[in-house]
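Note sheet for the following structure.
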Amino acid sequence: MKRDFLAVSDFSYKEVKEVFKLTGDMKKGKIKPQPLKNKAAVCIFHKPSLRTRISFEVGIQQLGGRSLYITGNEFKLGKKDDPEKREWYYDGAEVLSRMIDLIVIRTFEHSGVEELAKFARVPVINALTNLYHPCQILGDLFTIFEKKKKIENVSIAYLGDGNNVCNSFLDAASLIPLDLRIGTSPETLPDKDVLERAKKSNLSKINLTYDPVEAVRNTDVVYTDVWASMGQESQYEKKANLLRKFQVNSELLRYAKKDSLVMHCLPAHRGEEITDETMDGKNSVVFDQAENRLHIQKGIIVELLKKSKG
Ligand code: CP
Ligand code: NVA
């Protein structure tokens with residue numbers, strides 16, 4: 001049965017460990033699997049992307065495959081009664097399943113990706129929706145694992161907007177034991193259901209606070225993301241006013257562990273959610289994170305294709 005990766009929790013913790021092992025081994029050049037040899041993958045992007053697009057396209061090539069990049073012009077699926085759609089999800093999914101071996105999609109509504117995955121007969125990977133950014137978070141957890149040599153109970157302070165990146169951290173915390181602190185405002189909370197699920201799983205420590213110092217105190221990782229995500233640009237002023245006190249700067253970093261990692265998924269708005277001195281400082285691993293996007297996409301693809309074979 002084919003497997004999809006729409007959320008971090010689509011993998012079990014055991015599978016996450018397998019992905020980390022594959023990723024590490026490919027990164028070190030110990031293995032060079034070619035599961036996409038003579039195969040093709042489509043990368044559908046409805047939002048801009050540098051890291052995700054390039055890491056998938058290069059990764060697919062390194063796994064022996066060919067990648068096709070398409071946008072909303074070619075791919076505009078919708079529900080049967082949606083007047084805006086070019087074609088129904090089922091029809092588009094069926095066509096792609098007859099020509100393509102893997103679908104990577106970045107779009108707005110998470111339900112659109114779920115709908116596509118429901119009908120597609122090949123694996124679908126979520127390359128970011130308004131709800132989740134699972135490949136990013138798996139890559140970031142791999143970076144933390146590389147740097148700290150462990151992942152369980154690592155303390156991570158996520159500061160800023162309760163967005164797709166924040167939701168994926170919470171989703172990961174319902175699977176992997178983490179000490180996750182979210183520093184945000186009452187108006188920019190993460191998704192209610194995702195937060196509830198993470199808390200109910202009773203696996204991780206989840207602490208949501210409106211106080212940036214409380215969030216970062218003694219943490220191993222200080223993480224931030226843009227205040228207004230793609231598609232929410234009109235809310236920028238409002239969010240910036242709410243989130244300014246959560247800016248990652250050297251003053252705030254004094255409260256984290258001395259060897260804390262400074263992380264950002266990028267693109268960054270330097271001088272807004274993160275200052276130059278912290279992004280370029282000795283604790284920053286932002287470019288290692290970005291590089292690891294390539295390695296983790298390959299790990300995710302290899303694992304998914306392996307598991308899809310049964
Ligand atoms: N971090 C990330 O997903 O970057 P892009 O939007 O450039 O892909
Ligand atoms: N939260 C950001 C992440 C970009 C990689 C966005 O959705 O725009």
Side-chain angles (χ1 to χ4, degrees), residues 5-8 41-60 67 69-72 104-113 125-144 156 158-172 182-185 187-191 194 221 223-236 238-240 242-243 246-248 261-270 272-274 279 284-301:
F5 185 63
L6 310 190
V8 176
V42 67
C43 296
I44 306 159
F45 279 74
H46 292 154
K47 292 181 182 180
S49 173
L50 174 69
R51 282 142 288 268
T52 311
R53 176 184 173 181
I54 302 301
S55 56
F56 268 112
E57 294 215 82
V58 173
I60 288 162
S67 151
Y69 172 79
I70 62 171
T71 66
V104 175
I105 178 162
R106 166 172 290 196
T107 192
F108 292 85
E109 298 306 321
H110 191 71
S111 58
V113 174
I125 297 179
N126 174 6
L128 181 147
T129 60
N130 292 347
L131 184 66
Y132 286 136
H133 197 1
C135 302
Q136 177 73 51
I137 294 312
L138 214 55
D140 294 339
L141 292 173
F142 177 75
T143 303
I144 295 170
I156 303 170
Y158 174 90
L159 297 176
D161 191 28
N163 60 17
N164 42 13
V165 167
C166 179
N167 290 335
S168 278
F169 265 127
L170 284 165
D171 185 39
I182 315 273
T184 190
S185 81
E187 288 84 8
T188 52
L189 297 173
D191 183 86
V194 179
V221 177
Y223 194 115
T224 191
D225 184 16
V226 288
W227 289 332
S229 287
M230 289 179 274
Q232 302 182 341
E233 289 78 5
S234 63
Q235 295 175 39
Y236 175 75
K238 189 178 152 219
K239 291 212 180 197
L242 292 166
L243 296 171
F246 296 95
Q247 183 191 63
V248 174
L261 306 177
V262 170
M263 300 183 77
H264 192 309
C265 57
L266 304 181
H269 290 184
R270 285 170 175 255
E272 295 172 16
E273 76 277 359
I274 189 164
M279 190 157 148
S284 171
V285 296
V286 297
F287 296 109
D288 297 327
Q289 255 181 285
E291 179 196 327
N292 277 339
R293 297 297 307 283
L294 168 64
H295 306 296
I296 202 78
Q297 315 299 35
K298 289 163 65 185
I300 294 167
I301 294 172

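For ligands, and for the atoms within them, numbers begin at 1 and follow the listed sequence. Keep in mind that this is a model prediction, so the values were computed, not measured.
- Counting only heavy atoms of the protein, atom 3 (C) of ligand 2 lies nearest to D225 OD2, 3.6 Å.
- No donor-acceptor distance shorter than 3.5 angstrom exists from the side chain of S168 to the backbone of I137, with no hydrogens or angles considered.
- Ring centroids of Y132 and H110 are separated by less than 6.0 Å, placing the two rings close together.
- Remark: of the listed residues K47, R106, E57, R106 is the sole one forming a side chain to side chain donor-acceptor pair (under 3.5 Å) with T52.
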Derivation and outcome, side-chain hydrogen bond (donor to acceptor under 3.5 Å, both in side chains), residues S55 and Q297: CA-CA 7 Å; S55 56; Q297 315 299 35; 3.0 Å; yes
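- At under 3.5 Å, not a single nitrogen or oxygen of R106, backbone or side chain, sits near a nitrogen or oxygen of ligand 2.
- Residue Q136 approaches ligand 1 through these ligand atoms, each under 4.0 Å from one of its heavy atoms: 1 (N), 2 (C), 3 (O).
- Contact annotation: for K47 versus ligand 1, there are no heavy atoms closer than 4.0 Å.
- Counting only N and O atoms by type, the side chains of N292 and T143 include a donor and acceptor under 3.5 Å apart.
- The protein atom (non-hydrogen) at minimum distance from atom 7 (O) of ligand 1 is L50 N, 2.6 Å.
- In this structure, atom 8 (O) of ligand 2 lies nearest to the protein heavy atom M230 N, 2.8 Å.
- You'll find the side chain of N130 reaches within 4.5 Å of the side chain of E109, heavy atoms only.
- Looking from atom 4 (O) of ligand 1 to the surrounding protein, the closest heavy atom is R51 NE, 2.8 Å.
- Close approach of ligand 1 to R293 is summarised as follows: ligand atoms under 4.0 Å from at least one heavy atom of the residue are 1 (N), 2 (C), 3 (O).
- Geometrically, ligand 2 and N163 share a nitrogen or oxygen pair separated by less than 3.5 Å.
- Nearest heavy atom pair, residue S185 against residue F246, reads N-CE1, 4.1 Å.
- In this model, no donor atom of one side chain and acceptor atom of the other lie less than 3.5 Å apart for H264 and Q289.
- Atoms of ligand 1 lying under 4.0 Å from at least one heavy atom of C265, given by number and element, are 1 (N).
- Annotation: cation-pi pair R53/F45 absent, no NZ/CZ under 6.0 Å from the ring centroid and within 45° of its normal.
- Ligand 1 has an N or O atom lying under 3.5 Å from an N or O atom of L266, backbone or side chain.
- The atoms of ligand 1 that sit less than 4.0 Å from any heavy atom of H133 are 2 (C), 3 (O).
- Under a 4.0 angstrom heavy-atom cut-off, L266 registers as being in contact with ligand 2.
- Contact annotation: for R106 versus ligand 1, heavy atoms closer than 4.0 Å belong to the side chain alone.
- Atom 7 (O) of ligand 2 has N164 ND2, 2.8 Å as its closest protein atom, hydrogens excluded (heavy atom only).
- Checked against a 3.5 angstrom limit, the closest N/O atoms of S229 and ligand 2 fall inside it.
- Residues C166 and D161 have side chains not in contact (no heavy-atom distance under 4.5 Å, counting atoms from C-beta outward).
- The residue L128 has no part lying near ligand 1, judged by heavy-atom distances below 4.0 Å.
- Aromatic ring centroids of Y223 and F169 lie under 6.0 Å apart.
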